[in-house]
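Numbers for residues simply follow the sequence, beginning at 1.
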Amino acid sequence: MSRKPVAAQPGERSRVELTFDRPQLLSALFGQYDRNLVMLENRLGVYITARGNRVGLEGSAEQVALARDVLNDLYHRIQRGEDVDGGLVDAAIAMAAEPTLDGIFAADRGSGTGGTGGGAPPIMIRTRKKTIVPRTSAQAHYMRELVHNDMIFALGPAGTGKTYLAVAQAVAQLITGSVQRLILSRPAVEAGERLGFLPGDMKEKVDPYLRPLYDALYDCLPAEQVERRIASGEIEIAPIAFMRGRTLADAFVILDEAQNTTPAQMKMFLTRFGQNSRMVVCGDPNQTDLPGGVAASGLADATMRLEGVEGISLVRFSAADVVRHPIVGRIVEAYEGRDA
């Protein structure tokens, strides 16, 4: 792919023409009814024309440069066989204004399928159902930490991919045999409601609290494999209360909704850590559902005590890292702004 930029000073009008060497990939790049191009036009304020294998970008120099980088990145992702949907386009646009974007894109291009060699390997997680790539710079940092550190705390609002990426990394390591078990846990705490007596056996009582973990698993593995691995014990999903007295060796262990633990529960859980294991603790310190008599969240207490401890990584997400519908990020910002 080649490009012929027209020189322009910041703030001036600019026109850039991109030429793509594999026209058969352009339908995926443009999206159904060119919706990806329309999204770029609306979000970045540029005018886009497409003819054959050439795409013209026109607008202010800064916005044209951002649109060019986003299109180039999406094209390289399609070359690697990745699916480009509206969420990924929106995330790429959001990342385009961040100073780390060039480094992320360069790493992906340098070593991806069809790349020119050299550089760091592309940042991705491969599971049986999909290949997952970062959608924000914070996610890219988090995905690196999931590979390199034994214990990671992921803090931030809903929709930033904290739990989903941890489950995907755990599934990838289970598939490759890096770990023997995948253990997913969360506190069985009601979100501001009193549900009263729940019918059924213990599994039926606690499963509703653990449903988000099941959803992430089914998104990374075929349903029959999830069921088979749960039946064999390779995958275990249980409330945090079931962790007491255990040593979790050769396992990838994830604690979700950790803000709803007490300090005593958090200490108990963290000290379950065993040989050849990896532990990820996810939570949003601003959404605690602990009952009124509980003074402190175990997540807040743990991060205060353990920040800076060797071998433990803290990754913080913000509203800018929300990768659900863009309105979710705006909702989080509105609430955080009012609370501040």
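Put simply, CG on L221 and CG on L182 are 8.5 Å apart, with the number rounded to the nearest 0.5 Å. With rounding to the nearest 0.5 Å, the separation of CE in M243 from CD1 in I183 is 6.0 Å. Between atom OG1 of residue T261 and atom CD1 of residue I240 there is a gap of 5.5 Å, rounded to the nearest 0.5 Å. Taking CZ of R68 as the start and CG of L18 as the end, the distance is 8.0 Å to the nearest 0.5 Å. To the nearest 0.5 angstrom, Q169 atom CD is 9.5 Å from I132 atom CD1. Taken from CZ in R15 to OH in Y47, the straight-line distance is 8.5 Å, to the nearest 0.5 Å.
Side-chain atoms of N149 never come within 3.5 Å of backbone atoms of M151 as a donor-acceptor pair (strictly under, hydrogens ignored). In this structure a side-chain-to-backbone donor-acceptor pair under 3.5 Å is present from Q265 to T262. Looking only at distances, a side-chain donor or acceptor of R272 sits under 3.5 Å from a matching main-chain atom of M268.
Looking at E17 and L57, their side chains never come closer than 4.5 Å, going by heavy atoms from C-beta outward. Contact check for L306 versus L270: side-chain heavy atoms found under the 4.5 Å cut-off. Taking the side chain as every heavy atom from C-beta outward, V46 and S60 never approach each other to under 4.5 Å. A 4.5 Å side-chain heavy-atom check between L71 and F30 finds every atom pair outside the cut-off. Under the 4.5 Å side-chain criterion, counting only non-hydrogen atoms from C-beta, L174 is not in contact with Q180. For the pair Y75 and D73, the minimum side-chain heavy-atom distance is 4.5 Å or more. Side-chain contact between N53 and D21: absent, with no pair of heavy atoms (C-beta onward) separated by less than 4.5 Å. Taking 4.5 Å as the limit, some side-chain heavy atom of L66 sits within range of a side-chain heavy atom of Q63.
A single hydrophobic cluster is not seen to contain both V147 and F252; linkage of ILVMFWY side chains at heavy-atom distances under 4.5 Å, directly or through other members, places them apart. Criterion: ILVMFWY side-chain heavy atoms under 4.5 Å apart, direct or through other members. Under it, V309 and M266 are part of a common hydrophobic cluster. When the side chains of ILVMFWY residues are joined at heavy-atom separations under 4.5 Å, either directly or via intervening members, V38 and I78 end up in two distinct hydrophobic clusters.
Inspection of the T136 and D321 side chains reveals an N or O donor paired with an N or O acceptor under 3.5 Å. Using a 3.5 Å distance cut-off with no hydrogens or angles, the side chains of Q259 and E257 do pair a donor with an acceptor.
Between F317 and Y142, the two ring planes are perpendicular [angle over 60°; tilted spans 30° to 60°].
What you find for A319 and P157 is that their closest heavy atoms are N-CG, 4.0 Å. Considering every non-hydrogen atom in both T303 and L155, the closest pair reads CG2-CD1, 3.7 Å. Closest non-hydrogen pair, S14 versus A61, comes out as CB-CA, 3.7 Å. The minimum heavy-atom distance linking D250 with S277 is given by the pair N-OG, 3.2 Å. Pairing each heavy atom of T288 with each of S297, the nearest pair is OG1-CB, 4.3 Å. Taking each heavy atom of P239 and S185 in turn, the nearest pair found is C-OG, 3.3 Å.
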| request: Starting from the C-alpha separation in whole Å, work towards a yes-or-no answer on side-chain contact (heavy atoms from CB on, under 4.5 Å) for F20 and L26. | output: CA-CA 8 Å; F20 296 93; L26 296 187; 3.8 Å; yes
| request: Test V281 against L299 for side-chain contact (heavy atoms from CB on, under 4.5 Å), laying out the working first. | output: CA-CA 8 Å; V281 178; L299 179 64; 4.0 Å; yes
| task | For V280 and L255, run side-chain contact (heavy atoms from CB on, under 4.5 Å): C-alpha distance rounded to whole Å, both residues' side-chain angles, the deciding distance at 0.1 Å, then the answer. | result | CA-CA 6 Å; V280 182; L255 175 60; over 6 Å; no
| Checking side chain to side chain donor-acceptor pair (under 3.5 Å) for the pair Y164/D215: CA distance, chi angles, key distance, verdict? | CA-CA 9 Å; Y164 185 84; D215 291 342; over 6 Å; no
| task | Using the side-chain contact (heavy atoms from CB on, under 4.5 Å) rule, take I312 and L314 through it: C-alpha gap first, then chi angles, then the decisive distance, then the call. | result | CA-CA 7 Å; I312 298 177; L314 267 68; 4.1 Å; yes
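Judged as a side chain to side chain donor-acceptor pair (under 3.5 Å), not a single pair has a partner in residues 24-40 (not counting sequence neighbours).
At a threshold of 4.0 Å, the pair R278-E145 does not count as salt-bridged, since none of the basic side-chain nitrogens sits closer than that to a carboxylate oxygen. A salt bridge links E307 with R316: the closest approach of a Lys/Arg side-chain nitrogen to an acidic carboxylate oxygen falls below 4.0 angstrom. By the 4.0 Å N-to-carboxylate-O rule, R181 lies too far from E234 to be salt-bridged with it.
Enclosure of atom CZ in R246 by more than 12 non-hydrogen atoms of other residues, nucleotides or ligands within 6.0 angstrom is indicated. Residue Q275 places its CD atom among 12 or fewer non-hydrogen atoms of other residues, nucleotides or ligands, all under 6.0 Å distant.
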